[in-house]
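Each ligand, and each atom within it, is numbered from 1 in the order the structure gives.
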Amino acid sequence: MSADTEANAVPARPPEGLVMGKEGMAALVDVLVRRGFTVIGPTARDGAIVLAELRSADELPYGWGVELEAGRYRLRQRADGAAFANAAGPQSWKSFLHPARTREWSSDRVDGELVFTADEAAPPRYAFLGVRPCDLRAIAVQDRVLTGGTYRDACYEGRRSAALLIVVECTEPGATCFCVSMGTGPAAGPRHDLVMTEVAEKDAHRFWVRSGSEEGADILAELPARPADAETRGKARADVTAAADRMGRTMPEADLRELMAGTLDAPRWDDVAGRCLTCGNCTMVCPTCFCTTTEDVTDLTGDHAERWRLWDSCFDLDFSQLHGGPVRASARSRYRQWMTHKLGTWYDQFGSSGCVGCGRCIVWCPVGIDITEEAAALHDWTRAGATAAEPDGG
Ligand code: SF4
Ligand code: SF4
């Protein structure tokens with residue numbers, strides 16, 4: 001489909017949306033760049049689908065899918081040429097909204113006096129292309145955590161308030177996905193600017209696009225697109241419904257908050273502690289984990305110092321260090337803290353689950369620990385009569 005004026009004259013927000021081809025996707029990236037956005041989207045690089053700055057839609061991973069399993073991630077080629085038929089990769093959008101390293105201030109000795117300088121560089125104006133429904137929910141979770149309380153994170157808020165979110169619904173779940181269990185996908189929820197569903201048919205590769213905000217509608221009006229036909233809408237909906245039926249994992253059908261609260265002394269925690277390396281990979285890849293620490297550094301002269309904020313992990317011994325030692329010294333207590341927070345006490349703090357079912361922690365755990373398998377084991381234990389191990393206090 002060409003970018004002719006007739007296509008551009010289509011009303012921007014018909015309720016049934018618009019359909020565009022691959023040239024429409026190319027135009028979308030061009031329009032976003034022209035509007036001053038830093039466009040971040042998926043691209044195939046270094047043996048993975050990574051999120052990186054896109055200068056053109058040619059950099060999208062057309063024809064690349066993924067094979068996911070516990071502790072395993074592989075790219076594989078796809079015959080249909082789809083760009084978005086690949087489940088969550090190693091990064092999430094928190095890498096851009098809540099960066100792993102941020103300099104908070106620096107100080108210099110000038111004429112014997114210390115002069116402090118806050119890092120106040122204007123945040124980039126991001127357009128996120130290809131946000132998965134589970135990751136859209138994860139952004140909403142981080143919104144509540146980092147900006148929903150008394151203390152608002154200025155770094156996150158500045159980046160988040162300017163960000164444009166373009167969601168792509170899931171039609172190809174991974175073997176480690178369980179968004180259906182968590183109610184976060186594979187169809188898109190609210191609070192996006194544009195949402196699209198990819199239909200990668202031979203000779204008819206197209207995207208069904210709907211706007212979710214005035215800015216999204218404005219951008220959509222600039223694209224070469226036509227009113228969505230019933231066949232495309234039906235095929236897109238059927239593909240998303242089929243994806244829901246092909247989830248690789250599922251959480252046990254239980255009140256997870258109650259399950260976590262009622263199994264604190266289950267012997268299963270010793271079992272998982274025997275496998276967990278406490279490496280913290282699961283917290284680094286999780287799109288909702290938000291903990292940070294601070295680090296002060298100086299140069300060799302001692303005249304220049306900087307304070308950095310870095311991602312931290314509840315699997316680090318230092319994380320719970322109080323005077324005298326760490327509160328959670330054992331692997332058992334650290335894994336239990338992470339999982340019971342994600343699935344249980346997160347509700348008490350933030351009013352929702354801390355897990356959106358993306359499956360990243362399963363894929364990127366070097367020993368393949370699977371949060372759904374651990375939850376199922378705890379559930380089985382409670383149903384079998386729950387004979388607690390001796391509490392170890394850890
Ligand atoms: S706990 Fe695991 S599955 Fe849940 S959101 Fe975090 S990384 Fe994804
Ligand atoms: S569960 Fe896996 S990824 Fe997480 S700390 Fe343990 S070994 Fe590392």
Side-chain angles (χ1 to χ4, degrees), residues 68-73 87-95 98 131-145 170 173-186 189 247-252 256-257 259-260 268-291 311-320 326 328-347 350 352-378:
L68 306 178
E69 253 314 329
R72 180 184 162 83
Y73 181 103
Q91 303 146 291
S92 68
W93 306 97
K94 82 172 180 185
S95 302
H98 182 52
V131 178
R132 298 299 175 176
C134 61
D135 279 345
L136 182 66
R137 189 67 73 91
I139 291 171
V141 169
Q142 287 216 321
D143 286 351
R144 278 195 296 280
V145 172
C170 277
T176 48
C177 292
F178 55 101
C179 63
V180 168
S181 292
M182 306 311 291
T184 60
M247 285 290 120
R249 298 285 201 276
T250 184
M251 272 290 182
L256 295 174
R257 187 185 188 181
L259 179 66
M260 292 299 111
R268 183 71 183 190
W269 300 115
D270 293 316
D271 183 283
V272 71
R275 289 172 279 137
C276 176
L277 308 175
T278 67
C279 66
N281 266 16
C282 47
T283 56
M284 298 294 113
V285 296
C286 179
T288 66
C289 277
F290 58 86
C291 289
W311 283 355
D312 202 359
S313 169
C314 52
F315 283 93
D316 285 350
L317 266 181
D318 285 356
F319 187 87
S320 66
R328 289 186 284 271
S330 66
R332 176 186 193 270
S333 62
R334 299 211 286 286
Y335 185 86
R336 186 180 64 179
Q337 148 66 22
W338 177 73
M339 186 169 158
T340 55
H341 188 213
K342 279 284 148 201
L343 301 180
T345 49
W346 204 288
Y347 284 97
F350 306 116
S352 75
S353 170
C355 175
V356 298
C358 71
R360 286 185 178 92
C361 57
I362 305 171
V363 174
W364 297 97
C365 174
V367 292
I369 292 173
D370 178 342
I371 190 171
T372 65
E373 192 181 313
E374 298 310 314
L378 292 169

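- Partners of N281 by side chain to side chain contact (heavy atoms under 4.5 Å, CB included), not counting sequence neighbours, listed by chain and number: C279, P366.
- Taking both residues in full, the closest heavy atoms of C282 and C361 are given as CB-CB, 3.6 Å, listed atom of the first, atom of the second, then distance.
- The number of protein N, O or S atoms lying under 2.8 Å from atom 4 (Fe) of ligand 1 is 1.
- Every residue meeting the side chain to side chain contact (heavy atoms under 4.5 Å, CB included) condition with S95, not counting sequence neighbours, appears here in chain and number order: Q91, W311.
- Distance check, rounded to the nearest 0.5 Å: CH2 of W93 to CG of L136 gives 11.0 Å.
- Here atom 6 (Fe) of ligand 2 has protein N, O or S atoms under 2.8 Å from it, and they come to 1.
- F319 contributes atom CZ, which lies 11.5 Å from atom CZ of R334 (distance to the nearest 0.5 angstrom).
- Donor-acceptor pairing under 3.5 Å is lacking for the side chains of R360 and S92.
- Taking the six-membered ring where the residue is Trp, F290 and F350 present perpendicular rings, their angle passing 60° and hence far from 30°.
- Residue E373 holds its CD atom at 9.0 Å from CD1 of I362, rounded to the nearest 0.5 Å.
- Near F178, meaning under 4.0 Å from one of its heavy atoms, ligand 1 places the atoms 3 (S).
- Remark: R257 CZ to S352 OG distance equals 10.5 Å, nearest 0.5 Å.
- Set against the non-hydrogen atoms of W338, the atoms of ligand 1 under 4.0 Å away are 1 (S).
- Rounding to the nearest 0.5 Å places CZ of R249 at 4.5 Å from CG of D370.
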